[in-house]
Amino acid sequence: DAKTTQPPSMDCAEGRAANLPCNHSTISGNEYVYWYRQIHSQGPQYIIHGLKNNETNEMASLIITEDRKSSTLILPHATLRDTAVYYCIVRADLNSGYSTLTFGKGTMLLVSP
Amino acid sequence: GAVVSQHPSRVICKSGTSVKIECRSLDFQATTMFWYRQFPKQSLMLMATSNEGSKATYEQGVEKDKFLINHASLTLSTLTVASAHPEDSSFYICSAPQGDYRGTQYFGPGTRLLVL
């Protein structure tokens, strides 16, 4: 699986947009970008995933650059409950038989009042 | 999203005892489930892949005789930590892909194991 690079920590003011970057310069053409987050002492929570196009759901938006070497997760209006470690994961080709997720260190997002 | 549960949420046991952790997919069937372990201030590490109707697949360095996995049905996988020792104390988390093995993985809330 392609390796990802994320900043170790970020701060965001409550109510503002949180933009979490992820670099995945060695991503292959058929690899998806997944985002999960883990609130302290809980299991990871699925946020969003995408291949090429930008994606949006009720939790967040995912912006993938045209060359797919990086992406940004956007939480449009961060709340205190969004404080968590955010993991950007590149997942191997879904048709290859591989479906495991490899977690890096992620970004610790701290949302402050 | 899909719901995955784990039981118990936390367990404290004496060294030498065996501990069983259950992972259930509540609103979908899962022929494959995954077990992870997370030590304090570290990321999740995949331990094994649980397959319904066949043997589990273990990651390198994970003792299959120590961490016994049984995928009894399409909604239940169990992880038994045999003869637990203090170094087995950790946060154990399961996940299940919705749909087939290629589906988005949903995680359980985790089980905190403390071995005294």
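Here is the naming used below: chain letters follow the sequence lines, and residue numbers restart at 1 for every chain.
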Are [Y] and [X] co-members of a hydrophobic cluster defined by side-chain heavy atoms under 4.5 Å apart?
X         : Y        : result
Met108(A) : Ile74(A) : no
Leu20(A)  : Val33(A) : yes
Val11(B)  : Val81(B) : yes

### More than 12 heavy atoms from other groups under 6.0 Å of CE on Met45(B)
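Not more than 12 within 6.0 Å, no.
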
### Message
Quick check: do Tyr36(B) and Pro44(A) have side-chain heavy atoms less than 4.5 Å from each other?
### Response
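They are not in contact (no side-chain heavy atoms under 4.5 Å apart), so the answer is no.
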
### Query
Of the backbone (N, CA, C, O) and the side chain (C-beta and beyond), which part of Gln38(A) lies under 4.5 Å from a heavy atom of chain B, both, or neither?
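Contact with chain B: side chain only.
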
### Approximate separation, where rounding is to 0.5 Å, of Thr104(B) OG1 and Ile47(A) CD1
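These two atoms lie 12.5 Å from each other.
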
### Inter-chain contacts: residues 85-93 of chain B against chain A, heavy atoms under 4.5 Å
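Phe91(B), Ile93(B) fall under the 4.5 Å cut-off.
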
#### Entry: Neighbours of chain A found in residues 66-76 of chain B - heavy atoms under 4.5 Å
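Those residues of residues 66-76 of chain B which would need a heavy atom under 4.5 Å from chain A do not exist here.
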
### Query
Do you know which of Pro109(B), Cys94(B), Gly110(B) has the most heavy-atom pairs with chain A at a distance under 4.5 angstrom?
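Among Pro109(B), Cys94(B), Gly110(B), the one with the most close pairs to chain A is Pro109(B).
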
### Task
Mind listing the closest non-hydrogen atom pair of Phe103(A) and Leu44(B) along with its distance?
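Closest approach of Phe103(A) to Leu44(B): CB-O, 3.8 Å.
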
### Query
Any idea which heavy atoms bring Gln105(B) and Tyr46(A) closest together, and the distance?
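What the structure gives for the nearest pair is O-CB, 4.2 Å.
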
#### Entry: Gln6(B) versus chain A, the contacting section by heavy-atom distance below 4.5 Å
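It is neither, since no heavy atom gets under 4.5 Å.
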
